[in-house]
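Values in this document were obtained by computation on a predicted structure and should not be read as measured data.
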Amino acid sequence: MNPLISFVGKTFVIAEFELRKLRHDFTELITRALQPALWLLIFGQVFARSGMMHTGNIPYLDFIAPGILAQSVLFVAIFYGINVIWERDLGIVQKFLVSPTPRAALVLGKGFSAGIRSLSQAIVVYGLSLLLGVKLNWNPLALLNVFIVVVLAATLFSTFSLVIACIVKTRERFMGVGQVLTMPLFFASNAIYPTNIMPAWLKVISHLNPLTYVVDALRTSMLANSPSNFGMGMDYAVILLTTIVLVLIGARMYPQLGV
Amino acid sequence: MTSPVVEIENLTRRFGEITAVDSLSLVANAGEVFGLLGSNGAGKSTTIKMLTTLLQPSSGEARVAGFSITTEPEMVRRAIGYVPQAVSVDGSLTGYENLLIFARLYDIPRKEQEQRIREQLDSVNLSADAGRLVDQYSGGMVRRLEIAQATLHRPRVLFLDEPTVGLDPIARDAVWKHLIDLRNDYGTTLFLTTHYLEDAESHCDRIAIMQAGKLAALGTLKELEASLGSGRHSLDEVFVHYAGTTLDSGGSFRDVSTERTTEQRLG
């Protein structure tokens with residue numbers, strides 16, 4: 001069989017069965033909705049009223065709605081590695097590694113399933129935004145773009161999480177590292193404030209942070225009138241390239257979990 | 001007529017200072033039930049991990065079903081099945097789904113998948129429970145499902161790491177019945193580790209005893225017993241003689257923890 005066709009096929013097999021698990025347990029989808037609700041309804045409303053954030057010609061709540069979507073995708077995806085460690089402590093990882101499945105397909109399939117799962121968060125954030133009167137862009141192409149960026153972003157960060165899991169190997173250490181990683185990624189991004197109010201050093205870091213490009217792409221497509229800072233092409237390039245690099249690293253490291 | 005299906009030559013694996021497997025050489029033949037015995041930490045699991053391509057050897061070589069584990073791991077993977085010691089089916093999927101995912105990963109033609117899965121489930125007496133989540137299975141059912149899953153693609157060699165750990169005697173007998181059926185029906189070679197001496201005694205055609213990473217003894221039960229000289233000897237005595245220890249010593253924290261968790265999950 002053509003290796004590329006086989007790779008794509010196996011990736012979808014892995015993703016499909018990860019998603020089948022959702023059919024048996026929906027609670028996960030509900031718990032995902034809570035965090036963005038808190039950030040938008042409490043943090044967002046309070047800061048919007050304070051008038052402290054200068055977000056140009058768009059209201060602050062409109063400004064952070066896409067940021068909170070990106071943030072909630074990040075926060076859920078970054079802990080994906082816990083599942084991976086759990087599957088290693090059982091014998092599931094070993095069983096997959098002994099099968100003739102390309103390692104990259106195992107890694108990408110899992111990441112991709114996390115991507116699809118995170119679509120539920122996009123729906124929640126759209127619902128909350130409607131409730132709060134955010135001016136959304138309902139152009140079908142823009143909506144499609146939001147969904148694609150959300151899936152890619154969750155794939156990116158869950159693959160990053162898998163790589164971390166391959167390094168730390170235990171749940172306890174992973175929890176610590178996960179906490180340490182999420183906040184800097186979140187704060188050193190344009191999710192809840194524009195990068196132009198950042199000190200210069202932080203601005204540099206934020207431009208190296210893939211989350212910044214996720215937020216930029218989401219903000220441009222989700223809102224009615226918010227021009228992109230970097231251009232959609234640049235956003236996609238950074239997101240895709242980072243994902244590919246992480247999948248390649250993951251494919252090299254994942255077999256270490258079988259030992 | 002015997003034809004070698006697992007050929008191990010000077011296989012060695014070091015972890016830092018420790019040599020877990022030390023110049024191991026042995027051959028298992030097609031259709032044989034081959035038992036690898038040893039106390040915890042003797043190198044059994046490391047050996048199985050190298051043979052199943054999970055771990056690269058530090059030196060030496062092994063061929064499984066004619067393929068080199070170092071240069072043709074992909075071919076080895078197609079030819080083998082593996083039941084790890086820890087629970088390796090997914091509790092959040094049904095029994096049927098657990099087999100279906102592997103049918104697809106092993107490229108079993110789409111038209112044959114359903115029938116093959118039904119046959120496998122039938123052969124381990126799980127047809128009636130195929131639609132239930134594996135979370136709700138008993139320990140014996142989980143092990144039987146794992147065997148069905150690992151042999152779906154009709155492997156030439158089935159590797160099992162402590163297949164009956166944590167099971168009650170009745171479930172243990174059922175698991176063994178299915179394993180022996182497999183061997184009789186398809187000529188599958190069974191290569192397993194165990195530290196239940198009675199399992200080795202009643203089911204293994206040949207037994208290898210490992211001690212500190214080395215092969216301490218190899219032969220049929222009769223040969224091993226005879227090797228201790230005149231008089232009647234039990235396998236326990238043979239084991240203590242060659243392994244130089246009882247079963248309980250040795251093993252890392254992680255080994256013991258995996259074993260206990262497995263026992264808890266299956267029990």
**Q** Identify which part of B:F159 has an atom lying under 4.5 Å from any heavy atom of chain A, answering side chain, backbone, both or neither.
**A**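 The answer is neither part of B:F159.
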
**Q** Would you kindly say whether B:Q120 and B:T151 are connected by a side-chain donor-acceptor distance under 3.5 Å?
**A**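 Yes.
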
**Q** Assess, by modelled atom type and distance only, whether the side chains of B:E32 and B:T189 contain a donor and an acceptor separated by less than 3.5 Å.
**A** no

**Q** Would you sort out whether A:F112 and A:F12 count as a ring pair (Phe, Tyr, Trp, His ring centres under 6.0 Å), showing the intermediate values?
**A** CA-CA 8 Å; A:F112 189 57; A:F12 279 110; 5.7 Å; yes

**Q** Do B:R78 and B:D107 sit within salt-bridge range, that is, some charged N less than 4.0 Å from a carboxylate O?
**A** yes

**Q** Does any donor atom in the side chain of A:N145 or A:Y236 lie under 3.5 Å from an acceptor atom in the other side chain?
**A** yes

**Q** Counting only non-hydrogen atoms closer than 4.5 Å, does A:T101 touch chain B with its backbone (N, CA, C, O), its side chain (CB onward), both, or neither?
**A**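 A:T101 touches chain B through side-chain heavy atoms alone.
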
**Q** For B:D22 and B:R14: C-alpha separation, side-chain torsions, deciding distance, then whether salt bridge (Lys or Arg N to Asp or Glu O under 4.0 Å) applies.
**A** CA-CA 8 Å; B:D22 192 355; B:R14 283 179 287 271; over 6 Å; no

**Q** Checking heavy atoms, do the side chain of A:E87, its backbone, both or neither come under 4.5 Å from chain B?
**A** side chain

**Q** Just give me the residue among B:T94, B:L133, B:L55 that pairs up with chain A most often, heavy atom to heavy atom, under 4.5 Å.
**A** B:L133

**Q** What option among B:L105, B:T52, B:I80 has the most heavy-atom pairs under 4.5 Å with chain A?
**A** B:L105

**Q** Within 45 degrees of the ring normal and closer than 6.0 Å to the centroid, is that where the cationic atom of A:R171 sits relative to A:F174?
**A** no

**Q** Decide, yes or no, whether a salt bridge links B:E146 with A:K95 under the criterion of side-chain N to carboxylate O below 4.0 Å.
**A**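 Looking at B:E146 and A:K95, the cut-off is not met.
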
**Q** In terms of heavy-atom pairs under 4.5 Å, which option from A:G258, A:P102, A:S99 contacts chain B the most?
**A** A:S99

**Q** Examine whether an atom of B:I101 lies under 4.5 Å from a heavy atom of chain A, and if so say whether it belongs to the side chain, the backbone or both; otherwise answer neither.
**A**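 Both parts, backbone and side chain.
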
**Q** Can you tell which of B:P84, B:S92, B:G81 has the highest number of heavy-atom pairs within less than 4.5 Å of chain A?
**A** B:S92

**Q** Heavy atoms only, distances under 4.5 angstrom: which of B:N98, B:D161, B:D90 has the most pairs with chain A? Name it, please.
**A**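 Answer, by heavy-atom pair count under 4.5 Å with chain A: B:D90.
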
**Q** How would you list, by chain and number, every residue that makes a salt bridge (Lys or Arg N to Asp or Glu O under 4.0 Å) with B:E61, sequence neighbours excluded?
**A** none

**Q** Per the side chain to side chain contact (heavy atoms under 4.5 Å, CB included) rule, which among A:V215, A:L40, A:V125, A:L128 passes with A:L69?
**A**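 Of all the options given, the one that passes is A:V125.
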
**Q** What option among B:Q149, B:H153, B:M75 has the most heavy-atom pairs under 4.5 Å with chain A?
**A** B:Q149

**Q** Would you check if the distance from the ring center of A:F186 to the ring center of A:W39 is below 6.0 Å?
**A**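 Yes - the distance between ring centres of A:F186 and A:W39 falls below the 6.0 Å cut-off.
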
**Q** Could you list which of residues 65-74 of chain B have a heavy atom closer than 4.5 Å to any heavy atom of chain A, in residue-number order?
**A**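 The residues closer than 4.5 Å to chain A, in numerical order, are B:E74.
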
